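Take a look at the structure set out below.
The model shown is predicted, which means the values in this text are computed figures rather than measured ones.
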Amino acid sequence: LFGSFYTLAIYRIPKKQDITHTHSYCPNCNHKLGLLDLIPIFSYIFLLGKCRYCKEKIRPRYLIIEILSGVLFLLIAYLTNFNLETLSTSTIIQYSFMVLYITLMAGIDKENRKIEKSVTIYGIVISIMYMIYLCIVEYTNIYRYVIYLLLYIVILIFDTVTLKKYAKSTYVNSILLCIITMIIFTNEYIVFNSIILTLLSIAIYLIINKVKDRRNRNKKTDRQLARNLSIGFYLGFTNILILLLILTYTNFVQ
């Protein structure tokens, strides 16, 4: 169900369309979708990957995101020992915050080298909510989070100045705000390793493309290749991946 919502958000947010009140529709024929068209995974299978009304093919990524979301939610529940025996108010709230965090990561579109302002604001809001919960309910040290709040403020001020000067927000500012949110939810160690893995992946990507370009006699600079990279998406992907690996290792050791 969440995966189905993610596909809707990924499609609509860059187009500045409403994601909560507007009924789901086919992007090809604009026909409103019925209940039987909106059952996650099963609708795609039963409709053979086509729109019921115009017969246009539905992109496989809708099915893939729905399946991966379901698997991811189950994995996190299993690895954090979230079950009926351990069920408590604290575990429900912690799991709910993790769901909200994954929703943020899903909002960073791979196809657009841009993190939408609405996605960034959503990340900041849930981060502040999570910090309040940790400090008031879990009695976590408040000073650590005060530093991140100050960083949020500094970057947002800088982003506002940049917006006034150049009439657009910079991608770097969005990435920095995203990294702070990642730290709050998954800690510094995981984010540090996420950055390293992302940089390593980018380096491999650039090397492979350089080799391909030489074979095809295309001359593209590293800067031109980097322009096509959605760093925010890959950073979010590696962050979730390393989080799962660490949870798996912790489970195995225990």
Would you tabulate the side-chain donor-acceptor contacts of residues 2-10 under 3.5 Å, counting partners in other chains and residues two or more places apart, or write 'none'?
| from | atom 1 | to | atom 2 | distance (Å) |
| --- | --- | --- | --- | --- |
| Y6 | OH | T103 | OG1 | 2.9 |
| T7 | OG1 | S4 | O | 2.6 |

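- Nearest heavy-atom pair across I13 and S118 is CG2-OG, 3.8 Å.
- Evaluation of the side-chain hydrogen bond (donor to acceptor under 3.5 Å, both in side chains) rule for N83 yields N81, T86 as partners, not counting sequence neighbours.
- At least one side-chain heavy atom of F73 sits under 4.5 Å from a side-chain heavy atom of Y95.
- Two residues are said to be in side-chain contact when any heavy atoms from C-beta on lie closer than 4.5 Å; I128 and I132 meet this criterion.
- Counting heavy-atom neighbours within 6.0 Å of I142 CD1, excluding the residue itself, gives a total of 12 or less.
- Taking the six-membered ring for Trp and thresholds of 30 and 60 degrees, F185 and Y101 have nearly parallel ring planes, at less than 30 degrees apart.
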Between R144 and I183, is a side-chain contact (heavy atoms from CB on, under 4.5 Å) present by the stated rule, with each step listed?
CA-CA 11 Å; R144 172 175 177 262; I183 291 172; 4.2 Å; yes
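- The hydrophobic clustering, which links ILVMFWY residues whose side-chain heavy atoms are closer than 4.5 Å, places L199 and I175 together.
- Between the side chain of Y122 and the main chain of L100, a donor-acceptor pair closer than 3.5 Å is present.
- Between N239 and V191 the shortest heavy-atom distance is ND2-CG2, 3.9 Å.
- Distance check: I202 CD1 to I207 CD1 gives 12.0 Å after rounding to the nearest 0.5 Å.
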Please assess F82 against L87 for the test side-chain contact (heavy atoms from CB on, under 4.5 Å), listing each intermediate value before the final yes or no.
CA-CA 7 Å; F82 182 78; L87 207 61; 3.8 Å; yes
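- With contacts defined as side-chain heavy-atom distances shorter than 4.5 Å, the pair D159/T120 does not qualify.
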Does the pair I184 and I180 meet the rule for a side-chain contact (heavy atoms from CB on, under 4.5 Å), with working shown?
CA-CA 6 Å; I184 292 166; I180 295 171; 4.1 Å; yes
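- Within 6.0 Å of the CG atom in L1, the count of heavy atoms belonging to other residues, nucleotides or ligands does not exceed 12.
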Pair S90-Y133, side-chain contact (heavy atoms from CB on, under 4.5 Å): steps then yes or no:
CA-CA 10 Å; S90 178; Y133 165 75; 3.5 Å; yes
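- The two residues M105 and G236 make their nearest non-hydrogen contact at SD-CA, 3.4 Å.
- Shown here for Y152 and M131, the closest heavy-atom pair between the two residues is CE1-CE, 4.4 Å.
- Contact of the T181 side chain with the L177 side chain is not registered, since no non-hydrogen atoms from C-beta on lie closer than 4.5 Å.
- The minimum heavy-atom distance linking L197 with L241 is given by the pair CD2-CD2, 4.3 Å.
- Taking CD1 of I108 as the reference point, atom OG of S230 lies at 7.5 Å (rounded to 0.5 Å).
- Following chains of ILVMFWY side-chain contacts shorter than 4.5 Å, one cannot reach L74 starting from M98, and the two form parts of different hydrophobic clusters.
- By the 4.5 Å heavy-atom criterion applied to side chains, Y53 and C26 are not counted as neighbours.
- A salt bridge is defined here as a Lys NZ or Arg NE, NH1 or NH2 lying under 4.0 Å from an Asp or Glu carboxylate O, and R12 with E116 fails to meet this definition.
- Under the 4.5 Å side-chain heavy-atom criterion for grouping Ile, Leu, Val, Met, Phe, Trp and Tyr, I93 is connected to Y130 within one hydrophobic cluster.
- Here CD1 of I76 is found 5.5 Å from CG of L244. Values are rounded to the nearest 0.5 Å.
- More than 12 heavy atoms of other residues, nucleotides or ligands shown are found within 6.0 angstrom of OH on Y25.
- A side-chain donor from one of T91 and S88 sits under 3.5 Å from a side-chain acceptor of the other.
- If you chain together hydrophobic residues whose side chains sit under 4.5 Å apart, I102 and I41 fall into the same group.
- Within the 4.5 Å cutoff, no side-chain heavy atoms of I190 are placed close to those of M182.
- Distance check: R52 CZ to D37 CG gives 4.5 Å after rounding to the nearest 0.5 Å.
- Inter-residue side-chain proximity for Y148 and S127 is flagged as unmet; no heavy-atom pair is nearer than 4.5 Å.
- At a threshold of 4.5 Å between side-chain heavy atoms, the hydrophobic network of Ile, Leu, Val, Met, Phe, Trp and Tyr places I231 and I196 in two separate groups.
- Contact detail for S194 and T238: the closest heavy-atom pair is O-OG1, 3.3 Å.
- When side chains are defined from C-beta on, I124 counts as touching L156, because their heavy atoms get closer than 4.5 Å.
- In this structure, Y62 contributes its side chain and G49 its backbone to no donor-acceptor pair below 3.5 Å.
- In this structure, N193 CG and L200 CG are separated by 11.5 Å, a value rounded to the nearest 0.5 Å.
- Pairs of residues two or more places apart, or lying in two chains, never qualify as salt bridge (charged side-chain N to carboxylate O under 4.0 Å, His left out) while including a residue from residues 73-100.
- Taking OG1 of T186 as the start and CG of L247 as the end, the distance is 10.0 Å to the nearest 0.5 Å.
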